[in-house]
Structures are given as structure tokens and as C-alpha cells.
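Notes to accompany the following structure.
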Amino acid sequence: MSKAMEATVSKKSLRDNPLVWPLAGLALVVAFNLVTGPEFFSVSVRDGHLYGNLVDIFSQGARVMLLALGMTLVIATGGVDLSVGAVMAIGGALCATLVTQLGYGLYLALPLTLLMAGALGFFNGAMVVAGRIQPIIATLILMVAGRGVALLITDSDVVKIQDPAFLYLGKGYILGVPFSLWLVAAVFTVMALLIRKTALGLLIEAVGDNEHASRFSGIEAGRLKLIVYAVCGALAGMAGVLDAASVSAADPMRVGELKELDAIFAVVIGGTALTGGRFLLFGSILGAILLQALTLTLYNAGVPAAVAPVPKAIVIVGVCLLQSDRFRKQISNIIKIGGKAS
Amino acid sequence: MKISLRSNPLYATIGVLASLFAVASFSYEGFFSLRVIANLFTDSSFLGVTALGMTVVILSKGIDLSVGSVIGFTTILVAYLVQDAGVSVPVAWGIALVVGVLFGAAMGALIVVYDLPSFLVTLGGLFFAKGMGFVISSSSIGIQNEFYDAVVGIQIQVGPGAYLGAGALAFILFFVFCLYLLKWTRFGRYVYAVGGNEDSARLMGLPVDRVKIGVYAFNGFCSAFAGILTTLYMGSGNPLTGVGMELDAIAAVVIGGTLLTGGIGGATGTLLGVLTFAVIQTILNFDGRFKPAFLRIAIAALLLGFILTQRALARGKE
Amino acid sequence: MSKDATPLLKVSGLCKRFGSVQALSDVSFELRAGEIHSLLGENGAGKSTTIKCITGVHRPESGTVELNGREIAPRSPREAELSGIGTVYQEVNLLPNLSVLENIVLGRVKTGALGRIDWKDARRRAKAALGKLEMDIDLEARLSSLPVAMQQLVALARALEVDSKVLILDEPTASLDEAEVENLFRVMNLLRDKGIGIIFITHFLDQVFRMSDRMTVLRNGRYIVTRDAKGLSKQDLLQDMLGKAFEEMQSRGAALDAIAEDRAGRATQLQVRSLGAPGKIDSLELELREGEVVGLAGLLGSGRTECARLIFGVDKATAGSLELKGKQVKQGVPSESIREGIMLASEDRKAEGIFPHLTVRENMMIALQSRRGALNPVSREEQDAIAEKYIKAMRIKTSGPEAKIKELSGGNQQKVLLARWLAAEPKVLILDEPTRGIDIGARAEIEKLIESLSEDGLSMIMISSEMDEEVRCCHRVLVLRDRKVIGELRGSAITESAIVRKIADHE
Amino acid sequence: GGGGDSAEKKVKIGFAQVGAESVWRTANTDSMQSEAKKRGVDLKFSSGEGKQENQIRAIRSFVAQGVDLIILSPIVETGWDPVLKEAKRAGIPVLLMDREIETADESLYAAFIGSDFVEEGRLAAQWMVENVKGEKVNIVELEGTPGSAPAIDRQTGFKEVVDEHSRFTIIESQSANFRRSDGKDLMESLLKLHKKIDVVYAHNDDMALGAIQAIEAAGLKPGKDIVIISIDAIKEAFEAVVAGKINCIVECTPLFGPLAFDMAEKILNGEEYERRVVMKDSVFDQSNAAAAIDSRKY
Ligand SMILES: Nc1ncnc2c1ncn2[C@@H]1O[C@H](COP(=O)(O)OP(=O)(O)OP(=O)(O)O)[C@@H](O)[C@H]1O
Ligand SMILES: Nc1ncnc2c1ncn2[C@@H]1O[C@H](COP(=O)(O)OP(=O)(O)OP(=O)(O)O)[C@@H](O)[C@H]1O
Ligand SMILES: [Mg+2]
Ligand SMILES: [Mg+2]
């Protein structure tokens, strides 16, 4: 009997596994490319490192992946962080200014930058926790101000980066694989370990599920939120540094513009509910990959840039639909009927 | 008769708004005038209409990110119809409003029927409407039309040099309509009910699904209406219009005391929130000393100050 | 059973499944006009689900519902209401953000020109509905400003407002005090006399016997039997419900004196010194010994819950202090209290208790986890052991430890929450309405549990609206009135009449 | 009209700027603000954040403040009539800067100074026609933000010339939003999509600088294997020209300050002035960039 139960459990868990749906979306994008241009998948070795669209998906998607990882935690606590794009700009600007203008070594500039970005995230958290301001509004403030701060840091200039160590962050390869990918993998591993090997993940989920009850269960929701917002800020700062490194310049005006939407999109596509509670770090990574694959596909298909948002919308809503029980039931009914008819 | 708790946050908003206005009046020459006050309404007519629609959505515990794009789409649609397709203005407006309602209803249906998060569906709506706007035309289309000129020419003088234009009048009338809708009609009360607790509303036998679809359809109408007001304000259509407006609208609604968790708040607060936004912008224009970098920081600082004061006042009252 | 008249409501062969849980299988019963028909069964037996299938909240897989001989298949509560079935659901399902008035009439208001709601008419009708309950509540008050009991009455007023032929009450008395229950019963009798059929669900057997004409017993989602109330013995009924013979907890009477004496001689566990906060409670003094169970008794609103919240620290005290084992405890920080071992099982399980989307297992171990600190995780083996232990010990009806707690019936959720606190190994456990919504079998088990925990040295503060429970469980009872302790009873002197006398006599 | 006007008769000018979307724009703002300071003009600055409605609002508030003159850098060409009429009614002259507007009533503004984006596109194309050899030249165009005036005009001018020469084909034209990282990302995929790309034409330097990095990462030499042409001519682009990574930049100067205030003074003093002044955009390539680079400040 217990075996039978196990069987039903595992069967159920496959269908209910939220990772299935971003994967399905990804499969769709892959299928589209297989039909329209299989060269999309060709990966070769050039100058001793891997070269091809598949590599680009990861190296270009690294920034959104970092943002999405932090955003996942924030959303899990029932919040949202709109300021990540602006914090990216600050991160890039600060690190570049420290290295280029003030002559700091990267080993010093990078930790300082991350600290600062973390502090900004902490400020968001403090407004949510202590100020009891709704997260959208609390982080909207930094979203507006952040770009101004970045402009101040660079004196409204684009800072050019020549420091080889700095550039390595964006352009280096280890074992033929882009450094940024290693970085994301490392961040993901550390976070996943911290969250699943300790009880942090569960506590975050509890706070997001029922904050009031979490207080009665002795969870310090405030402190958790502060940590989570700070982490999100620091990761956004790191994403900004990566962005600067990959184009050899920190542009306070345009870096991270609208990236907050991408990050939120990646998180939710990845199966984390916007209402908080259960979250899936790996799902968010998949969501970011889907997003980047979609962008590249649109480039490749030569879809006019102005119209590109339309297919993007269709994918967003499509993946949403796949996640909906009702829709799945309808589809399977249609398939059943079709099966019976034939 | 005791004062209802409900209006407490409003007092705070009114207080802060009034003091902001007072300080600015002392600091800037020519600030304290009927003209500036009238301008507040004219300048925020389209943001106001959008924010009113957003209020209804947020009251029902939803969110609609598509409003900015729908506004942009509407402006270019109207401009195209009037200017390039030779459709008469009222018909063009009618088409735009119908399209807005249908678009909103379609998003609402997706949200309700498939139980999808409103954030994502309307994010999809944002991208879709944005892309479709560019499909009509990627550059702005100016509207040269007698009917338009006539409508723009409607102005009610409320003081020396102070006029309420057609947009402002439409905004004020629409505000009154929303007040009525939310306080006096079944739909309005059901919106509060759904926002308060959807499950309960269902158990109480309220037509939750229809209300929710109605909310998004209504907001689609508001966006299209705001788009039309924008064409009046700018005399042109442009797919780029309205970018980021969704956040302004949400901010105005929340500043006005409506909770993002649904069920609490209302149109009056939103009017105050919109005016606050307009006052902050006017102050910055009157001051005009900021470098672009400081400008953003100044806006944020003013917003922060406003929200914190409002919080403090509201808490003091508790 | 006489089969001459067509029944008012006829339910036949209802089946309902939730995922892997078969909540109902073949449930049938008949409700006659002018009778009160109780629906009985343990937690999770399927009572609420049956109701929800009748009123269109859930669609049953099979089975029919006939009203006056005509089959109805309501697709929503609204349709059920229109066909003449008024319902008060188990969880108070109202709208906290709206006024009392709207909670009573919303969905049925008349509108005039321009869709304008006729508030005047609505007010009149709401007044009339409250009048039936002989209640006078400020119609404009926001519902969330009322205590749960009042909200319950508002829900009732709402169900009475339509001219229903069938009235369904799912555990309406769970949070009412005696006077309010009497009031409700009076109304129920009145309605019965008018020929309305009432389906009544409650775990209070006294109330069942007092009010019902007939009763139907469900067990594990199955129909067991329908009996006439006349001449039925309590033992027989319990046998039907539990499927086995039932042994009732006896009041320990004189034996209690010895226990109370013993506890009074033990070391002090918790010392509460003039704890108070304005508008909450006046200067509370309490000395709790090891293994002692102290009850807080009083009427609704007398401040019992406030005491509990202050001691636990979810509310900040403005005066006074707490000492646990002679060591000062920081008041006002729940996480600190839990770490020290002071815990509160709150009376509001929906808002302050459950994490709806987390599993039963996680809901059980979360307090233990936060006691240990986030970086010191409770191992999975330990978690599974905890879950297994308490599911078995408390006979929690769930598809397994990995079910989401929101899928459990109300009473079973309550049991999971109790398990949460026990798993965290408290030194002082405050139980606020621990048996609210719990079936009689489990209630007896919980009482036994309290006794054995007390023997193991756990100190407890117990709040229960059912005085007999406090009488059976407590070694000492503090009687509260108007947010003040006005007296104390000890050992065998604790009787219902003694408590009531204390409350009444105090000048 | 309050108290302080007798003490100081400072000229009050309102400046409705597009926003702060690029280095070019901030340089433009700086130029205006520092020039105003030098001349003791009370400059009311307003940033439109890329939204026409904000600019209209700013102009209306300038009118309410009773400024002496309004300088406007319009975000789009159409839709200015109503608000400019309001300014006219209040007797405040309007000076258009940087971009022109489309209107039936020329009297709504006093004068225009600025650049001609279409001409910039033409210049870029002409340089290409003269300098790029080959029978079949494949061009990739990196567009600016869809719908923005410079993106539209720079495409129009460029295409106009290219269409006259059959050996040139634009094989790909996509938007990288004037952004450096988007330019890089886009170029990375285009390099994989097309085997033969001869010329990259970017609507601004940022996108070109991004594209260069993508080209280098693909193991090619920008400026040699692929000809790079861009518009704006910020300092960094000059350096890239000197380094041989960009072949040609078309200058679009943001330093309107001195000229704009000269013009404003003339208008206010009722002196004669030229109604339309178009800045002469120069073209820089390896031959003349090095000489000019030191004079670049932004
Ligand atoms: N929405 C749901 N999803 C999954 N399972 C459910 C759901 N609602 C009820 N159940 C299951 O159906 C069974 C019957 O539950 P029901 O609520 O009818 O019990 P009940 O007799 O009312 O118990 P109680 O006295 O505790 O309220 C339980 O096992 C419960 O876990
Ligand atoms: N009849 C009433 N009208 C309005 N408010 C009331 C009424 N009765 C109680 N309250 C409020 O409800 C709250 C309930 O008090 P509290 O929970 O301390 O009482 P209790 O003795 O624990 O009652 P319960 O039996 O509900 O647990 C108090 O804040 C009190 O002010
Ligand atoms: Mg039940
Ligand atoms: Mg209580």
C-alpha cells in the first residue's frame, strides 16, 4: 500500500512541479528555432572558448539571473523590489568610478560596491519593515532616486573601464565558459545551500505565507525581510558591475533600465507566486534563461524591434496559461476527445 | 455621530498636501494663484483618469500594469483614425473606447477564468499594447482637426488667467462619476467586497467573476479615455506616450491611502494623490535649479517625505 | 421514519473528491420542514463539505439535491440563496473591510435610477434582520472593529435576512458565549415554528440534544445513520460518531484537591508582576507553578485573551514584568518568549495560526525551528518523526504530512497547531480556546493530553469558553471581569456555578 | 507679480529639456546651465524624462511663473500647438532648440537653433559611399529607441542615400535602444546570424561602442574587418576613432549654450536675428579626429 501511495505521489509531483512550465516555454522557443534556423544551436570553439547563441543566452542572461535570484527572495516574503534596475546603475557606476577615477584595486572596489548596494537594499527593507510602507511604494522611491545617485557618482558621465581585472568579470572565460556563468552558478549554489541547508528558506516562506502568524510562531519577520532586501540589493549591485564589465563602461543613465520588470517576470515564470510564500530559486534561473532565449530568438528572426513586445507578451501569457490548472484540464480534455474520435 | 475611521488617512493626506502647497506658495513667486491651481487639474487630467481606474483595480485587490501602454496605443490609434484614415472624431473616440474596454475585459477574463496573477497578465498586456501601438505608426502623428480645436478651445475661466480646459473638466466630472460608482452602485460595493476577501464574497453569493472582469474592462475604458484626453492635451498621438505611467498611477493611488492589499480606500484619496503628484512636479518646475541628477533625487525625496509624514500623521491618529 | 410528506430538502448520494482525498462518498439525508436537523461527525467527517455541495460552493461528482421535490443544482452560493437556502459557513466568511450593514445586505440590495443603491431600504432590512436576533449593532461600524462573536451574529443576521426555507448553520455557536447561544436558540426555535428547516452543525452535544429533532451522523465522509432525538442516549450517538465506544472524562472532584495541593507546593515557573497595558488589562498578578494548569475564566470581552497576549508578548505591556524560573524575561518580543519557552496557541487560527500553503509537517515544526534559530535546522528525519508522532497521537485526518494545511478541515487544523506548540517543548504554554471547533472525541483526548503534560511538569494557562472544560482541566482558576482579576478558585472548589457566582456577585 | 522685481532685474528663462537619457543630453544641459550662470540669467530647468506630457506641463508652469522666454527641446515633433498658443497668449517668446516641431502656425515660436538629424544620417551614408569599397556591401543598422525622433530621422537620411547606390544593402535593422549593452547583445547575435557584415551603422556612439566589444569578442577587428560608423561624437568615440576601432563619426554638438543665449538676448531686446540656425555637423574619421580630440569635453 505504501508503495502504491509513493507511486501516486511521484506522479502527482511531476505534474505539479512548477519547473515544468518554464521548461515547456523554453521547449517552445527551442522548437521555434529548430524550425526557423537550426544554426541557432551551433556551438563552436573560438579563441579557446565556447562560442554560439547558447553561450550568449547564459552570458547575456547572467545579469537578469542575478537580479532574479534576489528578487525571488523578496517576492517570497510577499514584497517586491522595483529599485533593482537603479541599484544596478549605482553598482556599475560606483565600482567603475572607484577603479578608474580613484585608482582603487578591484579587490577593494568590488566589496565596497557590494556593501553599498546591500546597504541600499537594506534601506528598502527598513522602509518596508520600520516605515511600514508598502513594498511597491517603498522601492519606487529608490527606483526614482537611484539613477540620480548614479549620475552624481559619475558626474553625469559614462565611465570607461580599462582595468583588466574588472574587464575579466564581463569578458573572461574559465575552461571555455564565460566567467559570468561561473559567477551565477556560484551565487546560486551558495544561496541554495544557505536556504535549503538552514531553515532560512522555510522561515522566509512562512513570512510570505502569513506574516501575522509568523510573528506568533516566533519568527522575526522584520529581520528576515531586512536581510532579504539587502541581499537583493547586493545582487543588483553585482549585476551592475557585470553589465559595466561586459561593455567596458558604466553608463549611469541606461544601465538596468526596465530590468526590474525582466527580473519579476523571470521569477514569476519560474513558479514563485507573487503573493509570497513558496519560492523556487532554480525556477527563477530558468525564467531568466527563457527570457534571454526569447530575446535572442527575436533578434534572429529579424522581428522589427518595435513589434518585438508582441511575441514577448504572447510568451508571458502563454507560460501563465500553462501554469493554470484550469487551462491544463481543458487542454487534456480536448486531447482526450480528439483521442476518442480517432 | 462619530467620525468614521475610514477617512483618517485622508486627513493626513490633505494635511500634507496643504502644507506642501503652503510652503511652495511662500517660497515661489506666483505659485499661490488660481492659475496654478487650475493648471494642477488640467495638467493631471489624464493621469487622474488613469489613477481613478487604477483605484478600482487596486480596490479589487488586482493590479493593472498595462495602462501606460494602452494610453500610448490609444493616442496613436485615435491620431491615425482621425488624421490618416479620415474617420470623424466622435467615431474615432468611440472605437478607441470600445477597443480599450475589450482589451481590459480580455485581460480580466484571462485573470478570472484561468486564475492567473493579474500582475503577469497585465504585464503581457503592457508589452502587447506597446507593440501594437508601433504597428500602427512608429512616429508621432499630429492631429489637425477642427473638431479637436473646438474641444481644446472649451475653457472655463475660473480666475484671472486661470482656465479649466476640456481635459480638466472631463477629469473632474469623471471623478464625481467614480465617487458615485464606488459609493452608490452595486458594482462599486462589490469591488470593495471582492478586494476585502474574495472567498467570502463568493460565499456571500456575490458575482465575483463578473465583478473582476468588469473591473479590468472599466480600467480599460479609463485607459482609453485617458488616452483620448492625452491627445487633447498634446494634440498628437505617439506610441511612446504613457511609458511608465502605470507606476505614476499606482503611486498616486497609494499616496491617496488606498491599500494595495485591496478593499480599503477610494476615489477621493486618489484625487488627492494625483494632485500631490502635480504639486510636486509644479514645485520642481517653479524651482528649476536642479541638475538632472538632483532632479530625480529631489522628486524621490519629496515623495519619501510625503509618505513618511502621512504615515506619521496616520499613526498619531490611531 | 415517516415518508408521507415530501421532504423539504432531500440529499441523495453525494460524492466529492479533493485530489486524493475522498471527502464524501454517498451521503444522503432528508430535511423536513419545521425541524432542526443536526449533522454530526468527527473533525473531517465531511460535514462542511456536505453543506458546501448543497449550496453550490463545490460541485459534487455525483448525487442530487432536491428542494421541495424539485432537483436543484446551484452553481454558486448565490443561486442557492435565490432558491431559498440561507447559510452561515464555518469560518466567519464576511468582509472585514465593509460595514455591518453591507455585510448583512450586500448582494441583495435594491437599486433605483442610475443603479443607485437604496441604502434606506437596506438599512431597514438590516435592522429587521438584527431585530430577529434582538441585537442592536451600529450598522455603520466596520466589521473588523467587532469581536469574532459579534461577527458571527452578523453572519447569522445575513442568513436570516433572506426569507429562506432552509437555513444552514455550520458551527455557529463555536465563538458565542452562553447568553448569545441562548439568544440564537430562541431565534432557531422561532424559525422552526415558522416551518423553516434548519441544518445545524456543532460539536457541543448538549446543544445537539437540546435543539435537534433528528440527527444524521457522518463518519469518514460516509452516511452512517439518521436518528430521532427523542429517546436517544448520548452513548449511542457517540458510538455512531466514533465507530467505537466512548469513555468520557470525569471531573476529578476531590482528587483534584490533592493535585492542586501538590502543584501549589512546587517551584515557581512563571511569575507575572503587575503586568498591564491601558485598554487591555489592569495590572495582572500571576504565579504559575511547575506542572500547574491555571484557567482564566470570564465572559466574552472580559480580557482573557488580552492577558494571554501580554504574557506571550505580542502586545507590549506598559507596566510590569515577567520572570521565568526567577529569570527576567524581556516582555513584548514573541520570538524571545518562544526562545525562553513561553508559547501561545492563539484563538484565531486563520489569522494568527496556520501557514495555509505550507505542509502539515512544516506547520508543525515551525515553532521548534524558530526556537532553535534559522541556522540550526531541524533535520528532515526529526521533522518526519514529529509529523508522524502527532498525526497519530492526535488522530489528525490528513492525506499525509505533506498535505497543505489549508486542505484540512477546521478542527484538524487546530490539532496541527497544538502539535506545533507541543513539538517546540514549551515551559509555559498558554492555550486560548484550544478546543474551539474540535470534535468531542478529540476534545477528550486533548483534555487527557493536558493532564499528562501537567504531570510531566509543563505549566499551562488555559482559556476556554466552555466552563466545564476549565472545571475538568484546571488546578486553579482566575476569574476576570472588566479586564481585572476579581477572584480565584482552587481545586474542587472550581465548579461552573462557583465561577458564574463570582462573575455575577462581584458588586 | 510679487516683491523682488525692483531689486534685481534678472532675466528669467524657462528651459524644457528632453530628459537625461544620454551623455550627449547631459552635456547639452550642462552647457545651458553653465552659460546661464555666466550671464546671470535665472534659468528654470525642467527635465521631461522623455515624456511630452511632462514638457507641456513644464511650459504651462513657466507661463504661470511669467518667465521672459521659453527654450524648448521638443521630444516629438507634433502636438505643440495648444501649449504654444498659451505661451503666445501670455506674450512669451519660444525658442526651439535641438529639434524642430511640426506646426501649421509658424508664429508659435520665435526661432529654431539645432541640428538636423536627417542630415546627420545623410552625412554618415555619404562618408560610407565614398570610403567603403566593394561590389556588395552588407550593412547592419543599429537603431535607437523605436519611435524617437533621432532614430527615425537618422534612419531616413541614411536610407535616402543608400537607396541611390545599389551596391549597398541594409541587411538588418534592429533597435538597441541607444544603449551600450543592448548594442553589444544585439551585435553578438547578428554576428552569428550573418556570415558577411561589412558595415555597422549605429544611431549613436553608445551602441557602436557596444557593438565593437561584440565584434572583438567574436575574434574580428572592428574598424578593419567591419567598418563602423556612428553619430554624436562623444569623446569616447573620438578615442575609438583614433584607435582605429571606429571609422567615422558624425558630430552632433550638444554645446548650444552660448548660441542659444545670444539668440535669446536678441529676441528679448527686440534686435534682429536669424529665425532658423542649423548647427553645422562635421564628420570625423582617422584623418581629422586626432586633431580635434583635445577640444572635446564630454
Ligand atoms: N478544499 C479542500 N481541499 C482538499 N481537501 C479538502 C478541502 N476541503 C475539505 N477537504 C477534506 O475533506 C474532508 C472533509 O472536510 P470537512 O471540512 O467537510 O470536515 P468537517 O466535518 O466539516 O470537519 P470539522 O468539524 O473539523 O469542521 C477532510 O478530510 C478535509 O481534509
Ligand atoms: N460587546 C462588545 N462590543 C464591542 N467590543 C467588544 C465586545 N466584547 C468584547 N469586545 C472587544 O473585543 C475584544 C475581546 O476581548 P478578549 O478577547 O480579551 O476577551 P476574551 O475574554 O478573551 O473573549 P473571548 O471569549 O472572545 O476570547 C476586546 O478588545 C473588547 O474590547
Ligand atoms: Mg467543518
Ligand atoms: Mg479570547
Side-chain angles (χ1 to χ4, degrees), chain A residues 37 39-40 42-44 46-47 49 51-57 59-61 63 92 144 147-148 151 154-160 167 170-171 173 178 242-244 246-259 292 295-309, chain D residues 19-27 29-30 47 49-50 141-147 151 171-195 204-207 209-214 216-220 234-237 239-240 297-298:
Chain A
E39 67 273 10
F40 186 82
S42 78
V43 174
S44 55
R46 218 182 259 197
D47 299 342
H49 58 76
Y51 178 86
N53 281 310
L54 294 184
V55 182
D56 289 353
I57 288 179
S59 61
Q60 294 176 10
R63 287 158 274 169
V144 175
R147 225 159 266 287
L151 284 165
T154 67
D155 194 19
S156 303
D157 218 346
V158 172
V159 184
K160 244 177 102 176
L167 292 180
K171 299 175 178 173
Y173 288 84
L242 274 193
D243 190 293
S246 80
V247 295
S248 317
D251 181 345
M253 259 90 59
R254 310 213 84 117
V255 169
E257 245 182 346
L258 293 181
K259 282 285 181 268
Q292 197 60 39
T295 310
L296 285 193
T297 303
L298 293 179
Y299 282 158
N300 270 20
V303 176
V307 190
Chain D
E21 75 283 6
S22 62
V23 179
W24 189 95
R25 188 62 60 190
T26 28
T29 303
D30 272 353
S47 167
E49 302 291 316
E141 180 180 18
L142 307 183
E143 301 171 32
T145 308
I171 54 167
E172 194 79 56
S173 182
Q174 294 222 33
S175 167
N177 296 312
F178 286 131
R179 254 183 257 178
R180 203 176 290 222
S181 54
D182 287 15
K184 179 179 181 233
D185 292 356
L186 174 58
M187 197 61 209
E188 276 177 351
S189 25
L190 295 184
L191 282 167
K192 278 151 202 145
L193 190 62
H194 300 285
K195 293 283 153 301
N204 79 347
D205 294 334
D206 283 316
M207 292 188 290
L209 290 163
I212 287 175
Q213 321 234 357
E216 283 176 339
L220 299 171
I234 60 173
K235 184 156 186 177
E236 213 182 329
E239 288 163 2
K297 294 203 176 48
Y298 55 92

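Sequence lines set the chain letters: A, B, ... in the order given, protein chains first and strands last, and positions in each chain run from 1.
- Nearest heavy-atom pair, A:Asn53 versus D:Ser189, reported as atom, atom and distance to 0.1 Å: OD1-CB, 4.0 Å.
- Here the straight-line distance linking atom CG of A:Leu258 with atom CZ of D:Arg179 works out to 6.0 Å at 0.5 Å rounding.
- In this structure, the portion of D:Glu239 lying under 4.5 Å from any heavy atom of chain A is its side chain and not its backbone.
- In this structure, the portions of D:Ser181 lying under 4.5 Å from any heavy atom of chain A include both its backbone and its side chain.
- Looking at D:Arg180 and A:Val158, their side chains come closer than 4.5 Å, going by heavy atoms from C-beta outward.
- The most heavy-atom pairs under 4.5 Å with chain A, out of D:Lys192, D:Arg25, D:Gln174, D:Glu49, come from D:Lys192.
- By the 4.5 Å heavy-atom criterion applied to side chains, A:Arg254 and D:Asp182 are not counted as neighbours.
- Salt-bridge formation is detected for the pair D:Asp185/A:Arg63: a Lys NZ or Arg NE/NH1/NH2 atom is positioned less than 4.0 Å from an Asp or Glu carboxylate oxygen.
- From A:Tyr299, atom OH reaches atom CG of D:Leu190 across 8.5 Å, with rounding to the nearest 0.5 Å.
- Only the side chain of D:Glu172 comes within contact range of chain A, judged by heavy atoms closer than 4.5 Å.
- Contacts between D:Thr145 and chain A at a heavy-atom distance below 4.5 Å involve the side chain alone, from C-beta outward.
- Proximity to chain A (any heavy atom under 4.5 Å) is shown, for D:Leu186, by both the backbone and the side chain.
- You'll find the side chain of A:Asp251 reaches within 4.5 Å of the side chain of D:Asp206, heavy atoms only.
- Heavy atoms of A:Val255 lying under 4.5 Å from chain D are absent altogether.
- At a 4.5 Å heavy-atom cutoff, the contact between A:Asn300 and chain D is made by backbone and side-chain atoms alike.
- Electrostatic pairing of D:Glu216 and A:Lys171 does not count as a salt bridge here, judged by no charged N lying under 4.0 Å from a carboxylate O.
- For D:Ala218, the parts lying under 4.5 angstrom from a heavy atom of chain A are both the backbone and the side chain.
- Between the side chains of D:Gln213 and A:Ser248, at least one donor N or O lies within less than 3.5 Å of an accepting N or O.
- With hydrogens and angles disregarded, no donor-acceptor distance shorter than 3.5 Å links the side chain of A:Lys160 to the backbone of D:Glu236.
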